[in-house]
Amino acid sequence: MPLIRVLVVDDHPLLREGIKAVLAGSHDIQVVGEAGNGHEAIAAYRLLQPDVTLMDLQLPELDGMEAIRAIRADFPQACIAILTTYRGDVRALHAIRAGAQAYLLKSTLRKELTEVIRALAAGERHIPPEIAADVARALGREALSAREVEVLQCVAQGQANKQIGTQLGLSEDTIKGHVRSIMDKLGANNRTHAVSIGIERGIITF
């Protein structure tokens, strides 16, 4: 069986060491490179052209999503699995649209990492059932507009409607309308609930 060459991209050295430790016992998988940010990931991919790349989404300097897009633009055949702490369906959708073939939660790495790498090297995809369910639900929901995402991010920062309106150059009543629309679309009971849902689904960061 040919050796599966793996590139590990994460800004936490301990996680990279942990992944290498998990894969060390696999005779058919070898970690050939590491990177700690998006720019390093792109450079390492160009140099090594690994069979499978494990890519964290939350990276300094250039995030994982942008790194995936850059790599796939030059190497359409690139096989990339997202590593993330978050289940947010919006993140999953963006990652899949960017070209990721797998979405792995860091909490499950020890149990399924080697099998997923082998499956990806064989040309398969891997989206965990709970992530697939989130994505399916997301596709059935009305998406927030770019302006509504902006307003929700301001709400998450603790700003009142008047403050948000001043910052965005809109009237307080317009902001109130956006907040009502956000809560309707997210199925939220109040502003705090809307922020919680927004963070959980990866619509906003906090």
Side-chain angles (χ1 to χ4, degrees), residues 1-135 138 201-203 205:
M1 180 181 291
L3 197 64
I4 302 170
R5 301 167 67 252
V6 176
L7 170 64
V8 180
V9 182
D10 193 281
D11 60 330
H12 292 98
L14 281 177
L15 185 86
R16 298 200 302 269
E17 289 301 318
I19 289 173
K20 287 194 291 185
V22 170
L23 298 178
S26 305
H27 62 87
D28 58 335
I29 301 173
Q30 180 184 3
V31 175
V32 295
E34 300 177 45
N37 63 54
H39 293 301
E40 290 177 2
I42 296 166
Y45 190 94
R46 286 178 178 149
L47 177 67
L48 301 167
Q49 295 189 35
D51 301 303
V52 175
T53 298
L54 305 176
M55 178 87 70
D56 186 19
L57 283 181
Q58 304 291 320
L59 293 172
E61 297 186 32
L62 185 76
D63 69 24
M65 210 76 74
E66 290 303 315
I68 292 171
R69 292 191 182 103
I71 290 169
R72 296 272 299 178
D74 290 339
F75 303 92
Q77 81 288 356
C79 181
I80 301 172
I82 289 297
L83 294 177
T84 184
T85 309
Y86 307 99
R87 267 187 56 174
D89 52 57
V90 173
R91 286 188 184 89
L93 277 173
H94 288 171
I96 293 163
R97 286 171 179 160
Q101 286 92 341
Y103 196 95
L104 280 165
L105 295 171
K106 291 180 181 179
S107 58
T108 67
L109 289 183
R110 189 169 291 278
K111 292 187 293 183
E112 58 184 25
L113 183 60
T114 53
E115 287 119 11
V116 170
I117 287 174
R118 290 182 184 121
L120 289 169
E124 299 174 22
R125 297 173 71 90
H126 175 81
I127 309 295
E130 65 271 25
I131 299 293
D134 286 346
V135 170
R201 289 183 51 199
I203 297 168
T205 56

Item to check | Gap separating the CD1 atom of Ile82 from the CG atom of Leu105, nearest 0.5 angstrom | outcome: 11.5 Å
Item to check | Considering all heavy atoms, the nearest Thr114-Ser26 contact | outcome: CG2-OG, 3.3 Å
Checklist entry - Per the side chain to side chain contact (heavy atoms under 4.5 Å, CB included) rule, which among Leu54, Thr108, Val6 passes with Leu113? => result Leu54
Next on the checklist: Once salt bridge (charged side-chain N to carboxylate O under 4.0 Å, His left out) is applied, do any residues pair with Arg125, and if so which ones, sequence neighbours excluded?
Outcome noted: none
Checklist entry - Within the side chain of Arg72, is there an N or O that forms a donor-acceptor pair under 3.5 Å with the backbone of Ala78? => result yes
Next on the checklist: Please report the interatomic distance CD(Glu17) to CD(Glu34), rounded to the nearest 0.5 Å.
Outcome noted: 6.0 Å
Checklist entry - Looking at Leu120 and Cys79, what are the two nearest heavy atoms and their distance? => result CB-SG, 3.5 Å
Checklist entry - Taking all non-hydrogen atoms of both residues, which atom of Gly36 and which atom of Leu59 are closest, and how far apart? => result O-CD2, 4.0 Å
Next on the checklist: To check you understand the geometry: which heavy-atom pair defines the closest contact between Leu3 and Ile29, and what is its length?
Outcome noted: CD1-N, 3.9 Å
Checklist entry - Going from CG on Asp11 to CG on Asn37, what distance comes out if it is rounded to the nearest 0.5 angstrom? => result 8.5 Å
Checklist entry - Are the side chain of Arg5 and the backbone of Gln49 linked by a donor-acceptor contact shorter than 3.5 Å? => result yes
Next on the checklist: Could you walk me through whether Ile71 and Met55 satisfy the side chain to side chain contact (heavy atoms under 4.5 Å, CB included) test, starting with their C-alpha distance in whole Å, then the side-chain angles of each, then the deciding distance to 0.1 Å, before giving a yes or no?
Outcome noted: CA-CA 11 Å; Ile71 290 169; Met55 178 87 70; 3.8 Å; yes
Checklist entry - Ile96 versus Tyr103: any side-chain heavy-atom pair under 4.5 Å? => result no
Next on the checklist: So which atom in Asp56 and which in Leu83 form the shortest heavy-atom distance, rounded to 0.1 Å?
Outcome noted: OD1-O, 3.0 Å
Item to check | Value rounded to 0.5 Å, distance of CD in Glu61 from CD in Glu40 | outcome: 7.0 Å
Checklist entry - When Tyr45 is tested against each of Ile68, Val9, Leu7, Asp74 for side chain to side chain contact (heavy atoms under 4.5 Å, CB included), which residue passes? => result Leu7
Next on the checklist: A side-chain contact here means heavy atoms from C-beta on lying under 4.5 Å apart; do Gln58 and Thr85 qualify?
Outcome noted: no
Checklist entry - To the nearest 0.5 Å, how far apart are CD in Gln77 and CG in Asp51? => result 10.5 Å
Checklist entry - Rounded to the nearest 0.5 Å, how far does CD1 of Ile19 lie from CD1 of Ile117? => result 8.0 Å
Item to check | Distance-minimising heavy-atom pair for Ala102 and Val116 | outcome: CB-CG1, 4.3 Å
Checklist entry - Salt bridge check: are Arg69 and Glu66 linked by an N-O gap of less than 4.0 Å? => result yes
